[in-house]
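Let me begin by presenting the structure, written as structure tokens, before commenting on it.
Because the structure is a prediction, the values reported are computed rather than measured. Naming: A, B, ... by sequence-line order, numbering from 1 per chain.
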There are 2 protein chains.
Amino acid sequence: MSADELLSERLAAWSAMGLDAERCPVRNVLDRIGDKWSTLILIVLAAGPKRFSAIGRAVPDISKRMLTQTLRELERDGLLTRRVFPTKPPSVEYSLTALGRSALEPMAALVQWAERRHPEIEAARARFDRSAEAA
Amino acid sequence: MSADELLSERLAAWSAMGLDAERCPVRNVLDRIGDKWSTLILIVLAAGPKRFSAIGRAVPDISKRMLTQTLRELERDGLLTRRVFPTKPPSVEYSLTALGRSALEPMAALVQWAERRHPEIEAARARFDRSAEAA
DNA sequence: TAGTGCAGTCTCTAACTGAGACCAATCCTC
DNA sequence: GAGGATTGGTCTCAGTTAGAGACTGCACTA
């Protein structure tokens with residue numbers, strides 16, 4: 001059996017045991033780190049601890065509202081820690097936990113895939129749009 | 001330099017060159033396959049080609065609307081193909097392309113991470129909620 | 001004859017997201 | 001000492017998006 005078949009089999013097993021939310025760890029975790037901003041924030045924090053507004057600047061088009069919300073959820077999931085320094089103006093530092101760092105590896109694999117396959121995907125999109133336009 | 005530092009550096013490089021949408025392949029691709037349903041559909045199709053409603057049954061709580069939409073976008077990105085058999089009632093088969101199959105590997109890594117770390121994440125959530133409740 | 005499955009589309013409503021105002025306190029500039 | 005900026009948020013309001021469910025047309029089945 002090829003590595004490919006093995007992979008398919010494992011994925012099939014996961015899908016067979018039910019992908020319904022709650023019960024399934026795959027869903028449960030992917031819904032979280034698979035959203036629009038979480039991955040980006042984790043990547044930004046890979047370089048080291050950063051303060052609230054530094055993260056905001058690093059992820060250009062995130063709103064304060066979404067930044068706060070996403071950071072809270074990542075903190076809740078134990079992927080990062082929040083440390084408040086009682087200075088004035090306040091200073092809050094976010095840094096990855098060991099768990100958060102452990103997420104970087106698979107995420108980097110995905111990002112690498114994205115980078116490598118980006119041209120193919122762009123080409124496919126162009127093809128698709130051209131033939132849709134023709135119709 | 002450790003593998004960890006190397007990783008951080010690479011991720012930092014990506015974030016440094018600007019994560020703003022459009023330009024950045026990371027954003028561009030991650031926004032796509034990182035949404036709620038795409039990953040799940042790809043996983044379901046890993047086992048082999050499936051018809052529209054078979055996919056719907058495999059991903060329990062997806063609506064027809066979202067299923068159609070997500071399949072269209074995955075087709076547009078060249079990750080899967082759609083083949084219509086002109087029978088009555090109509091039969092439509094979706095199957096992964098080579099590009100789609102190539103995405104399974106990094107995704108499987110992420111899914112494995114999710115599976116392995118799920119207990120830790122659950123524990124972190126419980127801790128967080130308990131201390132939030134106390135306050 | 002009513003019901004079921006097929007692959008969708010359409011509409012309406014509920015949920016979520018994003019933009020931007022606002023907060024108190026402190027520092028810097030003029 | 002007035003005005004502006006920075007700090008890490010919260011709040012509200014509009015706009016976008018997702019989900020639930022009805023509807024389609026045709027064939028098969030009970």
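B:Thr70 is linked by a side chain to side chain contact (heavy atoms under 4.5 Å, CB included) to B:Trp37, B:Ser38, B:Ile41, B:Leu74, counting only residues two or more places apart in sequence or in another chain. The side chain to side chain donor-acceptor pair (under 3.5 Å) test applied to A:Glu120 returns A:Arg117, not counting sequence neighbours. Shown here are the side chain to side chain donor-acceptor pair (under 3.5 Å) partners of B:Ser102, two or more places apart in sequence or in another chain: A:Trp113. Contacts of B:Arg51 classified as salt bridge (charged side-chain N to carboxylate O under 4.0 Å, His left out), with partners at least two apart in sequence or in another chain: none. Applying the side chain to side chain contact (heavy atoms under 4.5 Å, CB included) criterion to A:Arg127, with sequence neighbours excluded, gives A:Ala123, A:Ala124, A:Arg130. The side chain to side chain contact (heavy atoms under 4.5 Å, CB included) search around A:Glu73 returns A:Arg32, not counting sequence neighbours. Scored by the side chain to side chain contact (heavy atoms under 4.5 Å, CB included) test, B:Pro49 finds B:Glu93, B:Ser95 as partners (sequence neighbours excluded). Residues satisfying the salt bridge (charged side-chain N to carboxylate O under 4.0 Å, His left out) criterion with A:Arg57, sequence neighbours excluded, are absent altogether.
With hydrogens and angles disregarded, a donor-acceptor distance shorter than 3.5 Å links the side chain of B:Thr97 to the backbone of B:Gly100.
Residues B:Leu96 and B:Arg101 share a closest heavy-atom pair of O-NH1, 3.3 Å. Nearest heavy atoms, B:Arg82 versus B:Tyr94: NE-OH, 3.2 Å. Residues B:Leu99 and B:Asp77 approach most closely at CD2-O, 3.7 Å, considering heavy atoms. Considering every non-hydrogen atom in both B:Ala58 and B:Val44, the closest pair reads CB-CG1, 3.7 Å.
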Under a 4.0 Å heavy-atom criterion, the protein footprint on nucleotides 24-30 of chain D, written with B, S and -, is --SS---
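Residue A:Thr68 is in base contact, counting any heavy-atom pair closer than 4.0 Å across all strands shown. Looking at heavy-atom distances under 4.0 Å, B:Ser91 makes contact with sugar-phosphate atoms alone, never a base. In this structure, A:Phe85 reaches neither bases nor backbone, as no heavy-atom distance under 4.0 Å exists between it and the strands shown.
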Report each atom pair, protein N/O against N/O of nucleotides 14-21 of chain D, whose distance is under 3.5 angstrom.
residue	atom	partner	partner atom	Å
D:dA18	N7	B:Arg65	NH2	3.4
D:dG19	OP1	B:Lys36	NZ	3.2
D:dG19	OP2	B:Trp37	NE1	3.3
D:dG19	N7	B:Arg65	NH1	3.3

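Here the range on DNA chain C touched by chain B, meaning any atom under 4.0 Å from one of its heavy atoms, is C:dG5 to C:dT11.
In this structure, the CD atom of A:Glu93 is 17 Å from the C1' atom of D:dG9, given to the nearest Å.
Interface residues of residues 72-80 of chain B facing DNA chain D, ordered by number: none; criterion, heavy-atom separation under 4.0 Å.
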